[in-house]
Amino acid sequence: MNTPEPAGPLAGLEQAAHLHSLAERIHHAADDLPAPEPTHSLASICEEVENQVRVIAGLFTSLASEATFHSRVVDRHPGATDPLACHKIALMTRAADPLGWALAKLGEAVAQIGHLQEISADPRTPERAKALTTARATLDSRLASAHAHLSNAASNLHRDADRLITSASSIQRAPAPPSAEPNRPPAAPPVRPTASRTLR
């Protein structure tokens with residue numbers, strides 16, 4: 001059976017390291033998005049977008065798994081809830097919002113890719129060239145927006161991880177009560193000497 005997460009500065013460092021690790025994964029996902037450059041072919045952009053959609057979906061799964069695991073621990077040990085662990089989960093799951101926005105922007109990028117493919121099949125005309133330029137600029141804008149959301153999520157997690165360390169270092173543990181020694185009878189009260197009586 002899993003035990004509750006320990007509280008204290010050491011636990012805070014471990015939990016902060018977890019946040020930093022998640023932030024790095026999100027940061028890499030942002031860096032791996034296709035750059036808005038006209039030299040990139042539409043086929044290569046499709047492949048890179050597909051890969052990053054899969055990565056971001058995996059990040060969502062990680063967040064949901066962490067929240068579920070913590071909820072189970074709290075249910076099994078209702079009297080031993082660790083506020084620091086709860087705070088870590090709250091900070092971690094905040095990343096779901098910008099991740100959702102990034103995924104939505106990638107969804108719009110996929111729709112724009114389909115639009116570009118449709119335009120490319122049209123006869124070569126000045127109107128087609130103008131439509132391709134406009135659609136490509138829209139695609140680049142959606143990719144840049146997704147990158148910004150991911151970068152913000154990573155930056156916020158890094159900052160929250162540093163704050164979590166500060167919060168953990170301020171935890172003061174209550175001193176444990178002295179333990180009584182077992183199998184030892186209590187000390188008897190001192191016996192006062194009584195004056196002797198002389199029989200007469």
Side-chain angles (χ1 to χ4, degrees), residues 5 12 14-75 84-122 130-165 167:
E5 299 178 50
E14 294 173 350
Q15 293 163 355
H18 197 176
L19 293 182
H20 279 305
S21 176
L22 178 61
E24 284 301 314
R25 290 173 63 191
I26 296 174
H27 181 74
H28 289 316
D31 285 347
D32 289 340
L33 284 174
E37 296 179 4
T39 56
H40 284 186
S41 68
L42 195 59
S44 66
I45 291 176
C46 286
E47 292 178 1
E48 292 175 14
V49 169
E50 179 187 5
N51 290 337
Q52 294 317 303
V53 166
R54 202 174 285 123
V55 169
I56 296 172
L59 291 170
F60 267 116
T61 301
S62 296
L63 293 177
S65 297
E66 286 288 338
T68 301
F69 174 79
H70 181 73
S71 296
R72 288 174 181 165
V73 171
V74 172
D75 287 343
L84 189 62
C86 293
H87 188 42
K88 180 201 76 172
I89 294 298
L91 295 176
M92 180 179 293
T93 52
R94 285 181 193 172
D97 187 51
L99 284 177
W101 282 106
L103 196 57
K105 292 302 177 182
L106 289 180
E108 295 177 10
V110 171
Q112 202 64 29
I113 288 171
H115 183 49
L116 276 165
Q117 291 172 340
E118 182 182 32
I119 298 173
S120 299
D122 292 340
K130 182 178 180 181
L132 282 173
T133 301
T134 302
R136 184 56 189 262
T138 303
L139 171 60
D140 292 344
S141 173
R142 300 301 182 267
L143 293 174
S145 182
H147 184 280
H149 285 300
L150 292 173
S151 297
N152 287 339
S155 298
N156 290 339
L157 275 174
H158 277 308
R159 183 180 64 250
D160 290 339
D162 293 337
R163 290 177 177 173
L164 190 65
I165 295 175
S167 175

Is there a donor-acceptor contact under 3.5 Å linking the side chains of His20 and Asp162?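 Distance-only check passes for His20 and Asp162.
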Between His27 and Asp31, is there a side-chain donor-acceptor contact under 3.5 Å, judged purely by atom types and distance?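 A pair is found: one side chain offers a donor N or O, the other an acceptor, under 3.5 Å apart.
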Contact check, side chains of [X] and [Y], non-hydrogen atoms, under 4.5 Å:
X      : Y      : result
Arg94  : Asp160 : yes
Asp32  : Glu48  : no
Glu108 : Ser145 : no
Leu143 : Leu106 : yes
Glu66  : Lys88  : yes

Can you spot which of Leu59, Asn156, Val55, Asn152 makes a side chain to side chain contact (heavy atoms under 4.5 Å, CB included) with Ile26?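 Considering Leu59, Asn156, Val55, Asn152, a side chain to side chain contact (heavy atoms under 4.5 Å, CB included) with Ile26 is found only for Leu59.
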Nearest heavy-atom neighbours spanning [X] and [Y]:
X      : Y      : value
Ala153 : Pro98  : CB-CG, 3.5 Å
Ile89  : Ala67  : CG2-CA, 4.3 Å
His115 : Ala135 : CD2-CB, 3.9 Å
Ile45  : Pro34  : CG2-CG, 4.1 Å
His147 : Ala30  : CD2-O, 2.9 Å
Leu63  : Ala95  : CD1-C, 4.2 Å

Mind running side-chain contact (heavy atoms from CB on, under 4.5 Å) on Leu139 and Leu116 for me, showing each step along the way? CA-CA 9 Å; Leu139 171 60; Leu116 276 165; 3.7 Å; yes
Is the number of heavy atoms from other residues, nucleotides or ligands under 6.0 Å of Arg159 CZ greater than 12?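 More than 12 heavy atoms, drawn from other residues, nucleotides or ligands, come within 6.0 Å of this atom.
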Enter the distance from [X]:[atom1] to [Y]:[atom2] here, rounded to the nearest 0.5 Å.
X      : Y      : atom1 : atom2 : value
Arg25  : Leu150 : CZ    : CG    : 12.5 Å
Thr61  : Ile56  : OG1   : CD1   : 12.0 Å
Glu118 : Ile113 : CD    : CD1   : 14.0 Å

Working note: His149 + Leu99, criterion side-chain contact (heavy atoms from CB on, under 4.5 Å); need CA distance, chi angles, decisive distance, verdict. CA-CA 7 Å; His149 285 300; Leu99 284 177; over 6 Å; no
Under the 3.5 angstrom rule, does the side chain of Ser141 hit a backbone N or O of Ala137 as a donor-acceptor pair?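 Pair absent, no side-chain N/O of Ser141 close to backbone of Ala137.
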Whether the side chain of Thr134 engages the backbone of Lys130 through a donor-acceptor N/O pair (distance < 3.5 Å, no angle test) should be reported.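 At least one qualifying donor-acceptor pair exists.
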Checking side-chain contact (heavy atoms from CB on, under 4.5 Å) for the pair Gln112/Arg136: CA distance, chi angles, key distance, verdict? CA-CA 8 Å; Gln112 202 64 29; Arg136 184 56 189 262; over 6 Å; no
Using the side-chain contact (heavy atoms from CB on, under 4.5 Å) rule, take Gln117 and Cys46 through it: C-alpha gap first, then chi angles, then the decisive distance, then the call. CA-CA 11 Å; Gln117 291 172 340; Cys46 286; 4.1 Å; yes
